[in-house]
Colleague: 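One structure, pasted below without further comment.
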Amino acid sequence: TVFNDRHFSCENCDGCVSGGFDSATSQIVLCQNNIRHQSHMNRVVTHELIHAFDHCRAHVDWFKNVKHLACSEIRAANLSGDCTLMNEIARFKFGLKGHHQTCVRDRAIRSILAVRKVSKETAEKAVDEVFDACFNDLEPFGRIPHSKTDAKRAYRDFQNRDRYNANL
């Protein structure tokens, strides 16, 4: 069970970090001084909730296993809306074929470098080694939600998945 006053904290943060997941307290930190729009906050909350989901589901070793961190960062970038076409255009990054995967990879590497003191080569290697498996792990959505409407459909499908699976 998630309790807003227990599992979410709004704080001022250094640099350009927008949020984080504290595995020791199972708390999501939102950087109130770096989040300017509701849509940005929605992406940050979704990104960090994916980390929380991974923490509960996969028992991620956040501090000793960089591959675990890489996998969760790949999943969060892939499923949170970080790499939508509109966000990439706003960042002046253009491309069509394979661009979503490139964005997910780049954002995962950036996130690892922001939270761990590892070399860029170590972060890249960890992301490359787990990329395919983690990119294709779409739980709890079942698919990449590309829009708010699609996210609502994905959530509805998630709620009904036992009913779908029972028919197989």
Side-chain angles (χ1 to χ4, degrees), residues 1-23 25-58 60 62 68-116 123 127 130-131 134-161:
T1 304
V2 175
F3 300 101
N4 290 344
D5 57 342
R6 160 69 181 86
H7 292 106
F8 290 89
S9 174
C10 295
E11 301 175 7
N12 286 324
C13 302
D14 295 334
C16 59
V17 175
S18 299
F21 174 68
D22 182 347
S23 61
T25 61
S26 294
Q27 188 174 59
I28 291 172
V29 176
L30 299 171
C31 299
Q32 61 193 18
N33 59 319
N34 293 331
I35 298 175
R36 304 276 183 242
H37 306 285
Q38 182 67 47
S39 61
H40 183 204
M41 188 182 78
N42 294 348
R43 283 192 314 275
V44 172
V45 169
T46 303
H47 182 109
E48 301 309 331
L49 281 171
I50 291 167
H51 291 319
F53 180 84
D54 289 347
H55 181 70
C56 293
R57 174 186 73 152
V60 177
W62 299 101
H68 285 192
L69 175 60
C71 188
S72 191
E73 291 297 352
I74 290 165
R75 286 177 29 74
N78 188 27
L79 298 171
S80 67
D82 288 345
C83 291
T84 62
L85 180 60
M86 292 309 294
N87 286 337
E88 284 295 272
I89 288 171
R91 295 178 191 119
F92 299 104
K93 294 189 175 185
F94 303 92
L96 294 175
K97 188 171 182 173
H99 186 75
H100 181 75
Q101 289 87 341
T102 300
C103 173
V104 168
R105 181 182 183 280
D106 292 347
R107 296 201 55 88
I109 291 167
R110 285 184 54 208
S111 292
I112 292 168
L113 293 174
V115 298
R116 295 290 169 266
V127 167
V130 300
F131 189 84
C134 299
F135 183 83
N136 291 312
D137 180 358
L138 304 177
E139 289 296 323
F141 298 109
R143 66 172 175 257
I144 300 169
H146 292 288
S147 66
K148 186 184 280 190
T149 302
D150 195 36
K152 287 179 183 179
R153 284 189 198 121
Y155 180 67
R156 186 192 65 225
D157 291 349
F158 171 73
Q159 288 178 310
N160 294 320
R161 71 180 176 175

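Along the sequence shown, residues are numbered consecutively beginning with 1.
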Colleague: Tell me, please, which residues at least two apart from A123 pass side chain to side chain contact (heavy atoms under 4.5 Å, CB included).
Modeller: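 Only I109, I112, L113, V118 meet the side chain to side chain contact (heavy atoms under 4.5 Å, CB included) criterion with A123.
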Colleague: I'd like to know whether V44 forms a side-chain contact (heavy atoms from CB on, under 4.5 Å) with L30, so could you lay out the CA-CA distance, the side-chain angles of the two residues, the decisive distance to 0.1 Å, and finally the verdict.
Modeller: CA-CA 8 Å; V44 172; L30 299 171; 3.7 Å; yes
Colleague: Might you point out which heavy atoms bring F21 and A52 nearest each other, and give the distance in Å?
Modeller: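 F21 and A52 have their closest heavy atoms at CE1-CB, 3.6 Å.
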Colleague: Identify each donor-acceptor pair in which a side-chain atom of residues 9-17 lies under 3.5 Å from a protein atom, sequence neighbours left out, and give them as a table.
Modeller:
| residue | atom | partner | partner atom | Å |
| --- | --- | --- | --- | --- |
| S9 | OG | E11 | OE2 | 2.8 |

Colleague: Can you list every ring-ring contact (aromatic ring centres under 6.0 Å, His included) pair that touches residues 25-53, not counting sequence neighbours?
Modeller: H47-H51, H51-W62
Colleague: When you measure from the side chain of Q27 to the backbone of R6, do you find a donor-acceptor pair of N or O atoms at a distance under 3.5 Å?
Modeller: yes
Colleague: Using 0.5 Å steps for rounding, measure from the CE atom of M41 to the OG1 atom of T46.
Modeller: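 Between atom CE of M41 and atom OG1 of T46 there are 9.5 Å.
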Colleague: Run the side-chain contact (heavy atoms from CB on, under 4.5 Å) check on I144 and L138 step by step: do they pass?
Modeller: CA-CA 7 Å; I144 300 169; L138 304 177; 3.9 Å; yes
Colleague: What pairs with N42 under side chain to side chain donor-acceptor pair (under 3.5 Å), at least two apart in sequence or on another chain?
Modeller: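 Listed in chain order: Q38.
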Colleague: Is any side-chain heavy atom of F8 less than 4.5 Å from a side-chain heavy atom of L49?
Modeller: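 The answer is yes, as the side chains (C-beta and beyond) meet within the 4.5 Å cut-off.
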Colleague: Looking at C31 and G19, what are the two nearest heavy atoms and their distance?
Modeller: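 Closest pair (atom of C31, atom of G19, distance): SG-N, 3.7 Å.
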Colleague: Look up atom SG in C71 and atom NE2 in H68, then write down how far apart they are to the nearest 0.5 Å.
Modeller: 8.5 Å
Colleague: Can you list everything that forms a side chain to side chain donor-acceptor pair (under 3.5 Å) with T25? Sequence neighbours excluded, please.
Modeller: D22
Colleague: Quick one: salt bridge (Lys or Arg N to Asp or Glu O under 4.0 Å) pairs with a partner in residues 48-58, sequence neighbours left out?
Modeller: D54-R57, D54-R75, R57-D137
Colleague: Is a donor on one side and an acceptor on the other found under 3.5 Å between the side chain of N78 and the backbone of V104?
Modeller: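 Flag not set: sc N78 to bb V104 has no pair under 3.5 Å.
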